[in-house]
Amino acid sequence: MSKITHWRYILQTLRHHRLRHLGLAISVAVCTAVITGGLLIGDSLRFTLQQQINNRIGNSSILIDCTTHPVSRELSTAINGDASITATGLSKTQAVLSFESNQGITTQAVVWGINPSFTSVKPLSVFPDQNEAILSPSLADATGLRRDDEFSLRALKPDAHSKTQLGSSRKFITLRLRVRDILPASELSFTPMQTAPQSLFVNADTAEKLSGGKIDFILVSQGTRADVASALRENFSLADAGLSLADCKQTQTEVATKILTSSDLFLPDPFLKLTKTLPNAQPVFSYFINSIEPSEQDTRSSSASTPYSFISTLNLLKSGEIALLQWVADDLHVTAGDRVRLTYYVLQKQSLIEQSRMFRIVRILPTEENADPALTLPLPGMSGANSCNDWDPDFPIDLARIRKKDEAYWNDYRGSPKAFVSFADAQDMWRNDYGGFTGIRFDIPNGSNKTLRQEITQSISPDMFGISISNIRQDLLHAVEHGVDFSGLFIGLSMFLLLSPLAMAAMLCALSVLARSDELNMLHALGIEKRIRFRLLLIEHGIVVTCGAALGALLAPAWTAAILYGLQSVWTDVTGAVSADLHLTPSTLLIGFFSSLLIGLVCIGLAFYYSTPASDQSHRQFHVEHKIHTMRLSRFRIVLYSLCALFGLSPFPVLYFFSLSAGVLFICGTLILAYVIIIFYLSCTRKRKTARKTIGFIQKTMRHRAGICTLLFAAIASGLYVVLAVSLNTPTVQNPTDYSSGTGGFAYLAKTTLPLSFNPADPLEIKKYHLPPYPWKENAIAFFTTGSGQANCLNLNRVTTPQLLGIPKDALKHRFSFSSSFKDYPANWSALEFPDTHETDQETIPAIADANVIEWGLGKKLGDTIEYTGEPGHRFSIRLVAALNASVFQGMILIDEATLLRHFPTSARRDFILAANHATDTNASSIRQNIAEALKPWGPQITDTSDYLNTFLNVEKTYLSIFLLLGTLGLLLATGTIAGICIREFSLRQNESALLHALGFSRLRRTLLLACPYLISTCSGCIWAVGCSLITAIYRLPEDFLPTSAAITTAIVLIFAIAILFTAYFFSKPSPKHTL
Amino acid sequence: MTSAHSCEPIAELDGISKTYRFEDGAVLSDLSLCIMSGQTVAITGPSGSGKTTLLNIIGTLDLPDNGAIKLFGSDILTLSEIDRARLRNQEIGFVFQSHRLLPQCTVLENILLPTLAGSIPLSASEAENRARDLLEQTGIAELADRYPDTLSGGQRQRAAIARALLFHPKLLLCDEPTGALDHENATRLAELLQSIQIHQKTAIVIVTHSQELAETCQIQYSLKDGKLYSTEECTP
């Protein structure tokens, strides 16, 4: 039976219009391939980063971070001993590697101290023995070290890591190690960053030399967070807390006095609560001072001065009062009522400053009964010394000042305090960012020592010491999930490539409807309802779109592979050369397929909607409506012209009132181009009086074909405009010598592996530490940083708490430039000193970051806050109050230096230095060498600030180049579409050509008459595109832009002209089908 | 043409007007017309006089600005678009100057196209049988499985007439049916229309420039200045 059904009709129509539908299917296939490819790129990179996490942290899931307060190995052993937990302890040390085999080049590395239980987290084929190391491949690549090579490793001495610094250590330890093997398993990192860590593994015994036997991390591979927290709390001992309970000299028979002190020397304020919760407890503040001297009017001996003494506190004393041991009173020849001056160092910004204060003597205490070594401050390098000559503290002392009687006192009483002041005075003089007291004294009944120890242990918790537990796997995966959205990014970058086929699909659908208007009108006349006609059309084209989408989904992996190849070969700046493999997931393919199917269907739906008559009226009615529309357009032309003029001219007032920024100029260029497109359309549709002359005939033709001519003009102009405007606005480092540029006017940026123990920018400190003169003079600033993980464009992961950098007050005045600020905050460095007026539960600190870091790196905006954990475990927020233009600080959050040191007194590291004047010092290569030489012990990495800034700009440039490449592909596709339109146009106008032929027009003339409307449209489109793109970069035009752009425009115009003329010439030949 | 008078009115147009904004005057002005079943009506007139507009209004493809129009006793102006489409599908047949056959369908499939409308009064087999009968009647039975682009102009127009007659419409509207045909084919087509009128009692309205074709109709009107002028008496 030969009945006609909807499906039969659709299938026969599909077969009949197969060529037209092929074009539609290809358009949709390209669109699907681009969308699905974009999604697959995101999937592939995400999968690669997830694999990276698995490789780096093995099967661990929970991390106990003890970096702010390293704990004993026994603690990790005890936690591992819990039946439900598998854990291993790790020590982490920053170190500088030096190796003769490669001409003594140094490089930075992270040294992980592991024990055999580590293999439960990450299997290792070999385990390092004493003085052996297993290198990560990236470190081996950086150093050129191979198996069995030897190298030196330099790090700060273990005690230099602790908080026990009145000054900063400059003591290094050097180990000689042999490369046991190079294994990918040694790439261990807890920082969300895709670049391979340069790390090495040593065994725990070797690591002990670097870490003092302490561990910084406990990595848990089995066990719940609750179990881990419980085990940590149960096993956390006084020793892990660095606390020790010592007996004081017994003065009463029935009461024993004990003192709780910390290996960190200072106890932070939260510990004061122990003095309230524990019985008979009172705070003690012991300190080391440089001298005790009688005041000038009380001096009985001109040379009287007691050098280097320990001082403690006594609650009986009032402010300004001091009690001396008889030993000191005898030494200074002073008595009660006299005044003495105490001279001491105080710690400010991790530097020592000498200060002094006068006290009135109120008591002279018997030496023998009151000299109590338990009250001393256990300073490293001093407390265990047998004699004063063996003192080797971390701060400068002059051993020549020590007299025989001082040595005798040390022999008899060790570090027993020689004087006592009130606790309030002690806090006023010596409290610092580390804490406000040094011990707690307990008066307890004899024999209850054990009870006291238990009570103290129960009163402290790991979080009081900044020890935190995190779901490391979850956190790192979260950073990947919320990192750079490559799917969205590549779909965005492929916007042109996406829009071209979509526009082509819509156009093909619209043309299809127009070409089949007779058919549709006939169906209408036959009584086929509009909804049935629409359904037939939609199903027919839907099948084509579905086939196209399926084809596109099949092509998507190839497209993804091509882009991934580009990311690993040409565009390595974008991903940090991550070796991403194609990762196909059925769900992504389906999402890509269905989303492009939906887009395609919406697109053709709209095309049908707008290309079929508005009402269900006759074909004639449609023409009538069209004519009415044309007439209305004509009537409103004047109004429209005026509106367009206003619209087009709007950029100029904008330019006048606002700054001449690239963004404003881009808006200007785009608005002007939009205005020009409208004007072009209006010019095309303007009524012409006569067609007697050739130009009149062309104008008439353009009026008749205004839509197609405007489409050509708009497509060429907008495509070329975007490509040119983006090219012209490719970012470059502004004049690096300029103080307001991203370099701040500095020539070099140095990052040191080991934190600097002094301020290299301070001439006084250089002198104090007997350091060689530095080459940068006053043009240098050393910054404190804390934390890790930079939220810059080089990091594909989302860093939630980026590294903090402290800005010294007024240090950067007039340097760098700001793009914007939040509400009332000024757009300059003083914003860091503004108090936060918002009511919050916790302290909120003003902060500054690069504008693109705020927007892209953090996904935030000005006014938003980020929560940090300071030392020892307290929470505070920073509020982003001002945004910098692209600077060398990209990826970091900048806060006031004093605030940084207040919150991170121990973990703040002085390791970021900006030095030398770019304008005067960059050409002197010797300056760079001198800086490198001066900082060599700390493992410096010195970069030219322009080069450093360029690494960030290169990412942006690479994105732009990808956009340009994909945009150019889109433009080519659009050009192909336009070529198709032209061919169709010429084909349709063959009757016209035949008429002209019959009227005696030569073929050349016919060709010109046929081609001119399209030539005018495309060529003027090119010219306007160049003109508008010039506007977008008017203030930063390259010198060679005009000749280059003229050449490019001429070339493009010529290509189009030749192509159009050739096509027109071909179709101008009369054919038997098209004769009069 | 043989008369087959009946008193049943098929189409009643009463004082209809139609104006297009781009034209100076009304295309149709206070026009009244009554078409009885089985009548053949010819409407002639100069180009642009509104003949096709009138035909479109009778065929419910267009609506008048003023006046009343009744088809088969129903007020067209009160019908929904869907009802009008159903009316066109089952009660009215259209024949255009251009055959408007779908190139992707065979002649038989083209004739069966009205069945795509869905709610049709015939089953599929009945529709096909009727289509084949119509092919016999129009003299192109052997061309049933051929595609339109392989047919001559006259054959295509016969196929178009067959398509218009599929559901035995009570009213057949022909817009210049012989306009694109030579004299011989035009004569054969006129004979075919006459035969249809005789055998199926279908009212036929023909808009034409051809005086020869017009003279084959029972009633002839001339459309001028938006009004109909009768060339012989007609009972409205």
Side-chain angles (χ1 to χ4, degrees), chain A residues 1-21 512 515-537 539-540 613-635, chain B residues 20-23 52-53 55-57 59-63 81-96 98-106 108-120 123-125 127-128 131-132 144-145 147 160 163-164 166-167 169 173 175:
Chain A
M1 189 176 283
S2 167
K3 67 172 183 178
I4 183 94
T5 61
H6 288 179
W7 282 109
R8 188 174 176 85
Y9 167 80
I10 289 165
L11 290 175
Q12 284 185 245
T13 310
L14 279 171
R15 194 176 58 189
H16 186 74
H17 297 296
R18 54 190 174 275
L19 272 179
R20 190 179 288 153
H21 287 144
S512 173
R516 292 164 64 184
S517 58
D518 276 355
E519 177 182 334
L520 294 172
N521 286 326
M522 188 273 293
L523 291 174
H524 176 53
L526 290 178
I528 314 291
E529 289 170 36
K530 185 177 181 178
R531 62 181 176 86
I532 296 176
R533 299 199 305 272
F534 187 76
R535 195 170 63 202
L536 289 172
L537 271 179
I539 292 172
E540 176 192 332
S615 64
D616 198 0
Q617 301 295 320
S618 70
H619 188 53
R620 177 186 168 83
Q621 178 76 358
F622 172 54
H623 286 303
V624 169
E625 290 293 332
H626 180 70
K627 282 185 181 179
I628 292 166
H629 173 69
T630 311
M631 288 183 69
R632 280 178 185 161
L633 197 67
S634 176
R635 285 178 194 171
Chain B
Y20 292 125
R21 292 180 65 172
F22 64 94
E23 289 185 9
T52 303
T53 302
L55 203 67
N56 285 341
I57 288 172
T60 73
L61 289 175
D62 204 350
L63 294 174
E81 204 155 285
I82 293 172
D83 290 334
R84 289 205 301 270
R86 193 167 296 136
L87 201 69
R88 273 201 307 277
N89 181 249
Q90 290 167 20
E91 306 290 352
I92 303 171
F94 273 96
V95 177
F96 303 98
S98 167
H99 55 83
R100 296 197 185 176
L101 296 176
L102 299 189
Q104 64 266 39
C105 297
T106 62
L108 182 62
E109 286 166 344
N110 264 293
I111 294 169
L112 288 168
L113 271 181
T115 61
L116 289 179
S119 54
I120 54 168
S123 68
S125 57
E128 188 181 344
R132 290 196 183 278
D145 297 324
Y147 282 89
R163 182 181 61 197
L166 183 69
F167 292 143
L173 302 172
D175 189 358

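As a basis for the values below, the full set of heavy atoms in this structure was taken, side chains included, without hydrogen atoms, waters or symmetry mates. Letters A, B, ... mirror the listed sequences (proteins, then strands); counts begin at 1.
Ion pairing between Glu109(B) and Arg8(A) holds under the 4.0 Å rule for side-chain N and carboxylate O.
Chosen from Asn110(B), Leu166(B), Leu113(B), the residue pairing most often with chain A at heavy-atom distances under 4.5 Å is Leu113(B). Among Leu173(B), Thr115(B), Leu116(B), the residue with the largest count of heavy-atom pairs under 4.5 Å with chain A is Leu116(B). Your options are Gly59(B), Pro103(B), Gly93(B), Ala127(B), and the one with the most heavy-atom pairs under 4.5 Å with chain A is Pro103(B).
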### Message
For a side chain to side chain contact (heavy atoms under 4.5 Å, CB included) check, start with the C-alpha distance between Glu529(A) and Arg84(B), then their side-chain angles and the critical distance, and finish with the verdict.
### Response
CA-CA 9 Å; Glu529(A) 289 170 36; Arg84(B) 289 205 301 270; over 6 Å; no
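Remark: side-chain polar atoms of Gln12(A) are paired, donor with acceptor, to backbone N or O of Gln104(B) under 3.5 angstrom. Between the side chain of Arg86(B) and the backbone N or O of Gly527(A) there is no donor-acceptor pair closer than 3.5 Å.
The shortest distance between side-chain heavy atoms of Leu61(B) and His524(A) falls below 4.5 Å. Between Leu101(B) and Met522(A) the shortest side-chain heavy-atom distance does not fall below 4.5 Å. Within the 4.5 Å cutoff, the side chain of Ile528(A) has no heavy atoms near those of the Arg88(B) side chain.
Taking all atoms of both residues into account, the shortest heavy-atom contact from Ala525(A) to Phe94(B) is O-CD1, 3.4 Å. Closest heavy-atom contact between Ala117(B) and Ile532(A): O-CD1, 3.3 Å.
Only the backbone of Thr5(A) has a heavy atom closer than 4.5 Å to any heavy atom of chain B. Only the side chain of Phe96(B) comes within contact range of chain A, with at least one heavy atom under 4.5 Å from a heavy atom of that chain.
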